[in-house]
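Read the structure below first, then the notes.
For clarity, every value in this text was computed on a predicted model and none was experimentally measured. Labels below follow one simple rule: chain letters A, B, ... track the order of the sequence lines, proteins then strands, and each chain is numbered from 1. What's counted below: heavy atoms across the whole structure, side chains too, no hydrogens, waters or symmetry copies.
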There are 2 protein chains.
Amino acid sequence: MEMITVQQAEDIILSQTNNFGIEYIAYNQALGRVLAEDLTADRDLPPFNRPTVDGIAIRYTAYEKGIRSFPIIAIQSAGESSVPIDSETECIEIMTGAALDNSVDTVIRYEDISTHNGVASLSIEIKKGQNIHLKGRDKKEGEILVKAHQMITPAIIGIASSIGKTTIAVKKLPKIIIISTGDEMISPESIPSPYQLRRSNGITIQSVLKKYHIKADTLHLNDDYEEIKKELSRCINKYDVLLMSGGVSMGKFDYLPQACEELGIKKLFHKIKQRPGKPFWFGKSNTQKLVFAFPGNPVSVFMCLHRYFIPWLEKSLEISGCFSGFAVLQNDIEVPFSLQYFVQVKLGTNQLGQVTAEAVNTNGSGDFSHLADTNAFMELPLEQNSFKKGEVYRVWKYND
Amino acid sequence: MEMITVQQAEDIILSQTNNFGIEYIAYNQALGRVLAEDLTADRDLPPFNRPTVDGIAIRYTAYEKGIRSFPIIAIQSAGESSVPIDSETECIEIMTGAALDNSVDTVIRYEDISTHNGVASLSIEIKKGQNIHLKGRDKKEGEILVKAHQMITPAIIGIASSIGKTTIAVKKLPKIIIISTGDEMISPESIPSPYQLRRSNGITIQSVLKKYHIKADTLHLNDDYEEIKKELSRCINKYDVLLMSGGVSMGKFDYLPQACEELGIKKLFHKIKQRPGKPFWFGKSNTQKLVFAFPGNPVSVFMCLHRYFIPWLEKSLEISGCFSGFAVLQNDIEVPFSLQYFVQVKLGTNQLGQVTAEAVNTNGSGDFSHLADTNAFMELPLEQNSFKKGEVYRVWKYND
């Protein structure tokens with residue numbers, strides 16, 4: 001069977017993005033969700049002429065006429081109604097953030113005045129309109145503050161709060177089930193026989209999806225063909241996406257591709273010229289439900305998830321993640337096979353402003369303990385076998 | 001009053017780190033918490049000699065004797081007890097991940113054999129021990145898989161699951177209350193008068209802390225000196241850290257420093273040579289409780305939080321975050337004042353593997369809408385006023 005390239009696999013997967021619609025949620029529950037509407041200014045920002053210092057507010061025409069001492073007729077702090085002066089010879093003592101009345105137009109900070117018997121005197125030169133943040137200077141009412149189609153950050157929550165946007169439109173998330181397979185895989189609470197392993201792929205994938213606030217269900221299936229078919233049929237009806245691990249290589253008990261095809265889930269590809277993750281199977285039901293069937297090895301699962309599923313998810317949600325980038329390789333690497341190699345790297349930055357990538361020797365894909373002390377896969381082009389320190393290649397980040 | 005430098009402020013704050021102890025939680029609740037123990041292999045990894053392909057397992061001595069056809073006496077899949085051969089002329093059909101019996105030592109993949117009437121024949125050359133991932137090859141029992149003092153990632157959750165580590169020691173988190181002040185600040189659900197603003201600092205800080213799984217309480221205090229003192233006194237008893245915003249500049253109603261000192265909270269500094277965030281006040285009670293009193297402006301709060309509080313938190317938890325790094329400035333900047341300037345930048349990467357930082361013009365610190373479309377503060381050295389495109393400076397990331 002003909003294997004496809006990483007680029008072909010990406011193209012096929014990204015041609016299957018879906019829009020899952022919109023829902024409305026409370027702003028204080030929206031962190032990490034994807035914003036589905038623009039947030040706009042509900043009024044001018046600032047909403048009033050606002051002193052940027054504490055001091056006194058005067059009318060500049062008085063200063064022009066030579067007046068340098070001003071009786072303080074009131075103290076106005078932030079949150080109080082604006083206090084006018086009755087005559088231009090007077091001033092208001094005023095605090096940062098207060099709303100300036102229209103009768104005053106210039107603010108002088110405490111450091112530049114002296115006060116005696118309720119009269120503030122200044123000796124320095126001043127400019128008309130100084131120390132005032134003018135109404136609408138930052139944003140006009142109706143102007144866009146935050147554009148749609150991005151993950152909601154703490155700053156965006158703060159902006160929503162400041163404009164009274166207490167209910168926010170966010171993208172709905174796909175309903176996902178994570179299915180692991182294999183008779184040899186037992187629960188983490190159990191004591192394994194020498195020939196058994198504890199499951200880890202399900203909880204790993206579930207944990208990665210938490211970043212997107214997706215609460216995925218998990219299911220484990222033993223190697224029983226009829227049971228697998230029955231459960232797959234149920235899941236294809238109930239979920240938008242099935243993320244599976246195991247059961248896709250050449251073994252006698254790797255039923256998944258066959259079971260999927262019998263259920264009318266059309267194979268879009270099987271096997272990619274890559275390591276790890278070669279036997280990755282991808283298909284679609286006639287109801288547009290997607291099946292990502294990853295190989296069972298934990299490193300393969302982790303790579304395929306970050307290289308294929310996350311880009312699919314982010315494109316479906318119309319966000320552009322920053323999990324992909326470029327980095328400078330810090331070691332020489334020889335790749336003795338004709339597969340596109342995804343090497344685990346530790347990312348850093350140096351004082352030249354570069355992202356550095358130190359490749360880790362992992363003894364083949366069985367050992368997944370290095371996934372804990374690395375934070376990206378570097379994608380080394382298929383066309384080469386030899387990669388040198390100082391060369392720049394694409395990386396796919398995890399553990400962020 | 002003498003202002004201190006950014007470096008002095010950092011040194012003072014980082015000299016006040018605390019250890020909040022350890023607690024034990026379920027592994028599937030541990031994502032994002034800080035690991036407080038090393039995770040070690042509960043047995044050799046792999047725990048048995050493990051075929052890396054599907055095919056047949058033979059004893060190499062038979063091959064050496066010239067035998068090329070082997071009756072298949074059993075099929076063994078992953079999760080089944082090891083099946084021995086009784087005579088070296090036989091073979092076992094075996095699947096990836098199964099546990100090889102000691103009577104066989106070499107695996108030949110399906111692609112390299114032909115099978116007829118239950119007899120597998122090979123025509124290619126083979127090597128002793130090929131296609132086997134040897135017991136203990138990756139890690140020996142007791143070897144460290146994951147070191148303590150790092151944030152628990154999806155990969156670490158997966159590793160914990162695979163070694164049956166279902167209860168994990170994690171660092172306890174500080175108890176934090178976020179206190180905003182100011183009569184002019186109303187709730188986001190309310191309709192503001194022209195001279196009022198809706199609160200945003202509390203929810204912004206609370207959202208940033210969620211990344212560390214800290215569930216901080218929030219409280220708003222109006223400008224009532226006795227009330228402020230009473231509440232501060234209560235909070236200093238109940239919490240480890242008070243994160244405050246507003247009330248620290250020169251205004252008549254900026255009571256906080258005075259209230260803190262009357263309660264025996266010792267000032268460690270007040271005012272830093274920086275913009276934004278100059279009036280930042282920092283103090284400590286005689287019971288080692290800390291008060292970070294930020295200026296009220298949202299940009300100042302955001303900067304001081306990421307530049308001072310987060311490094312304090314990460315040092316207290318003994319993790320080294322990757323939120324600080326270096327980036328290449330993409331614009332020329334003139335700074336017309338003698339304060340260390342923290343400019344908001346949009347980070348990117350280019351095909352040279354560099355982190356790029358495009359500075360945003362923000363019209364002074366009142367406008368916080370740019371915090372949504374930028375993702376770091378670039379720290380421009382105090383000694384210079386002129387910064388050029390292509391120069392590299394330190395950045396403090398947010399929105400990750």
Side-chain angles (χ1 to χ4, degrees), chain A residues 28 31 46-48 54 77-79 81-82 95-97 99 110 133 138-139 145-146 153-159 161-162 164 166 182-184 188-189 194-196 198 200 203-204 207-208 210 249-251 253 298 325-328 349 351-355 363 366-367 369 371-372 392 399, chain B residues 28 31 46-48 54 77-79 81-82 95-97 99 110 133 138-139 145-146 153-159 161-162 164 166 182-184 188-189 194-196 198 200 203-204 207-208 210 249-251 253 298 325-328 349 351-355 363 366-367 369 371-372 392 399:
Chain A
N28 53 12
L31 186 68
F48 43 76
D54 302 316
S77 65
S81 300
S82 301
M95 304 303 140
T96 305
Y110 280 131
H133 197 173
D138 294 339
K139 291 286 187 296
L145 301 178
V146 182
T153 60
I156 294 174
I157 298 275
I159 291 167
S161 180
S162 73
T166 52
D183 286 343
E184 79 279 25
E189 291 79 13
Y195 47 84
Q196 292 178 320
R198 294 192 192 86
S200 67
I203 185 102
T204 303
S207 301
V208 170
K210 278 186 184 169
S249 56
M250 277 200 71
F253 301 93
F326 293 91
V328 184
T349 57
Q351 299 214 355
L352 299 173
Q354 290 175 314
V355 182
N363 298 326
D367 179 11
S369 65
L371 293 177
V392 177
N399 288 348
Chain B
N28 53 11
L31 185 68
F48 44 74
D54 302 316
S77 66
S81 301
S82 300
M95 303 304 140
T96 304
Y110 281 131
H133 197 172
D138 293 338
K139 291 287 187 294
L145 302 179
V146 182
T153 59
I156 294 175
I157 299 272
I159 291 168
S161 180
S162 74
T166 53
D183 286 342
E184 79 278 24
E189 290 78 14
Y195 47 84
Q196 293 178 320
R198 294 193 192 87
S200 66
I203 185 105
T204 303
S207 301
V208 171
K210 279 186 185 170
S249 56
M250 278 199 69
F253 301 94
F326 293 90
V328 185
T349 57
Q351 300 214 353
L352 299 173
Q354 289 175 315
V355 182
N363 297 327
D367 180 11
S369 65
L371 293 176
V392 177
N399 287 348

Using non-hydrogen atoms and a 4.5 Å limit, figure out which bit of [X] sits close to chain A: side chain, backbone, both or neither.
X: B/Thr349; answer: side chain
X: B/Pro46; answer: neither
X: B/Thr166; answer: side chain

Handout entry: Given A/Ile203, A/Val208, A/Thr204, the one that forms side-chain contact (heavy atoms from CB on, under 4.5 Å) with B/Ile157
Key = A/Ile203
Handout entry: Contact origin within A/Leu145 toward chain B - heavy atom pairs under 4.5 Å
Key =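 Contact with chain B: backbone and side chain both.
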Chain B: which of [options] shares the most heavy-atom pairs with it under 4.5 Å?
options: A/Pro47, A/Gly182, A/Pro188; answer: A/Pro188
options: A/Gln351, A/Lys210, A/Gln196; answer: A/Gln351
options: A/Asp183, A/Asn28, A/Val355; answer: A/Val355

Exercise for the section: Could you tell me which non-hydrogen atom of A/Ser162 sits nearest to which non-hydrogen atom of B/Arg198, and how far apart they are? Expected result: O-NH1, 3.2 Å
Handout entry: Option in B/Gly97, B/Pro194, B/Ser161, B/Gly158 with maximal non-hydrogen atom pairs under 4.5 Å from chain A
Key = B/Ser161
Completion exercise
side chain to side chain donor-acceptor pair (under 3.5 Å) filter on A/Thr153, not counting sequence neighbours, yields B/Asn399
Handout entry: side-chain contact (heavy atoms from CB on, under 4.5 Å) partners for B/Val146, two or more places apart
Key =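 Per chain and number, B/Val146 pairs via side-chain contact (heavy atoms from CB on, under 4.5 Å) with A/Ala372, B/Leu35, B/Leu39, B/Gln150, B/Ile156, B/Ile159.
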